[in-house]
Amino acid sequence: MDLLRSAYTSDDEPETLPGTKPVSKPDHLAIFPPSKRPKPNYPYPPLNNPHHGYWSHSPSVLRPQAPIVGRYVSKREQALSASVSQVPVLNPDPNRDAPLSSSPGSIRDSDLPHSISSLLRHQGRGYKQRSQVPERLSIELHYHTKAVNALNWSPSRAHLLASAGMDGSVCIWNVWSRDQKLARAYRFHSAAVKDVKFSQQGLFLLSCGYDNSSRLVDIEKGLETQIFKEDQAVGVTKFHPDNSNIFLSGGSKGRIKLWDIRTGKVVHEYARGLGSILDIEFMVNGKQFISSSDVSGSNISENSIIVWDIARQVPLSNQVYVEAYTCPCIKHHPLDPTFVAQSNGNYIAIFSSIPPFKLDKYKRYESHGVSGFPIKCNFSLDGEKLVSGSSDGCIYFYDYKSSELIRKIKAYEQACIDVAFHPVIPNVLAACSWSGHVSILE
């Protein structure tokens with residue numbers, strides 16, 4: 001519980017990225033003096049003084065004044081006005097439109113090793129290999145100072161990995177870059193970030209968190225393009241598998257919303273008096289989705305997992321899982337009509353995705369531990385293996401068909417939270433921990 005408490009509390013002092021300089025205040029906005037008398041103490045701020053500017057922290061700072069109509073304007077004032085008008089007005093929040101990293105790496109694949117580039121090129125040719133179990137830790141990625149909640153590989157730019165942390169940051173990693181592996185580091189959120197997803201085209205990144213918002217970022221420009229505000233902390237987001245213009249979000253008040261990015265508005269809302277939404281997963285056909293909610297504060301456990309019809313906004317079944325455990329993760333099998341749910345009962349349950357969505361009572365994956373952590377699981381690309389994090393810091397690999405444990409790898413001292421197979425290279429896995437580590441296993 002001490003680990004959970006420390007990760008969910010924020011520090012009072014703002015954090016500065018490693019190797020960066022503090023952002024200086026803009027000094028281009030001039031303060032025009034009144035005409036003639038009284039003479040101001042500082043009629044023209046020195047151009048090299050960072051404390052004179054529109055966004056100064058001093059409470060007594062003056063705003064630029066418009067010249068009085070008809071009064072004499074000196075040549076010096078005219079020249080200074082012209083120089084000010086040529087400078088664009090900055091956004092009042094320095095974190096909104098620019099990443100904090102002063103020397104970010106590249107998101108390009110130009111400096112990747114030849115062996116990795118050749119493997120990634122097979123993606124466009126439809127080349128697939130049978131999934132393999134990674135054998136060793138190959139890369140460690142350091143930036144986050146608190147627990148990392150989610151990982152997501154870019155489906156179209158498979159050399160990029162996104163991570164979301166309790167420290168309020170979202171990172172994009174150029175995993176195999178020979179230069180700087182941290183390609184982008186954003187702090188657009190004002191609180192912990194719970195989930196992060198790439199769009200199908202890999203051009204945008206969607207994140208959500210405890211600041212009651214989901215935020216869309218253009219990763220090429222490093223700009224936040226849209227904010228989707230809610231009246232609840234947002235714990236999970238998911239792009240529609242066939243249309244990246246719409247996405248689902250689920251929050252702490254039990255409401256699930258379907259957003260249209262083109263309008264920035266909610267298209268549908270799915271509410272059933274649920275507890276906090278823990279995870280959302282689309283069915284393969286994109287016409288239904290599965291939600292998992294926290295039922296620990298209720299005597300009714302039948303709403304723990306619900307299958308919804310997207311268009312009709314109604315639940316197709318709410319008696320999928322009736323045991324008194326919450327399920328922090330839901331994953332649909334990439335090929336078979338089944339889905340799995342990570343249970344706080346320290347096992348993974350498997351269900352049919354065909355009505356009536358029955359639980360398989362004779363099959364479960366149980367060697368790892370959950371112990372109240374938001375532990376996630378994931379399928380390999382061919383669906384033959386199921387991997388799960390664990391509260392003991394290990395990564396567990398299961399055979400999907402037999403549910404037998406294939407391998408156990410000790411990765412961290414604290415809980416391993418999320419695990420994600422690479423979308424192209426069959427023996428590559430990304431993992432993250434409650435201590436803030438992000439790792440690549442091969």
Side-chain angles (χ1 to χ4, degrees), residues 98-99 101 103-129 131 134 138-141 143-144 148 150-165 169-186 188 193 195-208 214-226 237-245 247 261 282 334 378-382 418-432 438-442:
S101 179
S103 57
S106 172
I107 62 173
R108 307 294 180 186
D109 59 357
S110 55
D111 63 340
L112 300 181
H114 176 72
S115 58
I116 298 297
S117 299
S118 61
L119 284 173
L120 295 178
R121 279 196 296 269
H122 288 305
Q123 180 187 25
R125 303 172 187 174
Y127 179 76
K128 296 291 186 298
Q129 288 185 359
S131 63
S138 62
I139 300 173
E140 290 194 20
L141 306 171
Y143 176 82
H144 295 284
V148 179
L151 298 172
N152 188 241
W153 290 100
S154 173
S156 58
R157 300 180 177 185
H159 60 290
L160 298 180
L161 174 72
S163 60
S169 65
V170 175
C171 295
I172 300 178
W173 305 93
N174 194 337
V175 174
W176 291 281
S177 172
R178 294 191 183 98
D179 189 16
Q180 185 174 339
K181 297 186 184 300
L182 180 60
R184 299 285 187 272
Y186 303 123
F188 296 118
V193 187
D195 200 8
V196 62
K197 294 289 188 300
F198 278 103
S199 64
Q200 289 294 329
Q201 295 77 21
L203 301 177
F204 293 92
L205 194 68
L206 181 67
S207 59
C208 66
S214 300
R215 297 170 183 263
L216 191 68
V217 176
D218 185 323
I219 67 171
E220 289 280 358
K221 300 177 181 178
L223 300 178
E224 183 181 81
T225 59
Q226 282 177 280
T237 59
K238 184 79 70 171
F239 278 109
H240 192 278
D242 301 323
N243 187 354
S244 290
N245 288 317
F247 71 91
I261 292 175
F282 280 99
N378 224 317
F379 284 104
S380 60
L381 195 62
D382 59 6
D418 197 4
V419 284
F421 273 105
H422 192 270
V424 178
I425 307 175
N427 65 329
V428 172
L429 180 84
C432 63
V438 178
S439 307
I440 306 298
L441 293 85
E442 297 182 21

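What you find for Asn243 and His240 is that their closest heavy atoms are O-CB, 3.3 Å. Residue His422 comes nearest to Ala158 through the heavy atom pair NE2-O, 2.6 Å, listed as atom of the first residue, atom of the second, then distance. Here the closest non-hydrogen pair linking Phe188 and Gly222 is CZ-O, 3.8 Å. Residues Val193 and Ala164 share a closest heavy-atom pair of CG1-CB, 3.6 Å. The minimum heavy-atom distance linking His144 with Ser163 is given by the pair NE2-OG, 2.8 Å. In terms of heavy-atom proximity, Pro241 sits nearest to Phe282 at CD-CG, 3.6 Å.
Inter-residue side-chain proximity for Leu182 and Leu141 is flagged as unmet; no heavy-atom pair is nearer than 4.5 Å. Phe247 places a side-chain heavy atom less than 4.5 Å from the side chain of Ser214. Counting only heavy atoms from C-beta outward, the side chains of Phe204 and Asp218 approach each other to under 4.5 Å. Asn174 places a side-chain heavy atom less than 4.5 Å from the side chain of Leu160. Under the 4.5 Å side-chain criterion, counting only non-hydrogen atoms from C-beta, Val438 is in contact with Leu151. In this structure, Leu205 and Val170 have side chains that are in contact, with non-hydrogen atoms separated by less than 4.5 Å. Looking at Leu120 and His159, their side chains come closer than 4.5 Å, going by heavy atoms from C-beta outward.
Between the OG atom of Ser199 and the CD1 atom of Ile219 there is a distance of 7.5 Å, given to the nearest 0.5 Å. Distance check, rounded to the nearest 0.5 Å: CG of Leu381 to CD1 of Ile425 gives 11.5 Å. Atoms CD1 and CG, on Ile440 and Leu429 in that order, are 8.0 Å from each other to the nearest 0.5 Å. Atom OG of Ser169 is separated from atom CZ of Arg184 by 15.0 Å, given to the nearest 0.5 angstrom. How far OG of Ser244 is from CG of Leu206: 10.0 Å, rounded to the nearest 0.5 Å.
Just one of Asp195, Val196, Leu216 meets the side chain to side chain contact (heavy atoms under 4.5 Å, CB included) condition when paired with Thr237; it is Asp195. Checking Ser106, Ser177, Ser117 one by one against Asp111, the side-chain hydrogen bond (donor to acceptor under 3.5 Å, both in side chains) holds for a single residue, Ser177.
Between the Ser439 side chain and the Ala431 main chain, no donor and acceptor come within less than 3.5 Å of each other. For Glu224 (side chain) and Arg215 (main-chain N/O), no donor-acceptor pair under 3.5 Å exists by modelled atom type. Without hydrogens or angle criteria, Ser154 side chain to Phe198 main chain gives no donor-acceptor distance under 3.5 Å. Judged by distance alone, the side chain of Lys181 and the main-chain N or O of Val175 form a donor-acceptor pair under 3.5 Å. With hydrogens and angles disregarded, no donor-acceptor distance shorter than 3.5 Å links the side chain of Arg157 to the backbone of Gln201.
Salt bridge present: Glu220 and Arg108 bring a charged side-chain N and a carboxylate O closer than 4.0 Å.
The aromatic rings of Trp153 and Trp176 sit parallel, their planes meeting at an angle under 30°, below the 60° perpendicular limit.
Using a 3.5 Å distance cut-off with no hydrogens or angles, the side chains of Ser380 and Asp382 do pair a donor with an acceptor.
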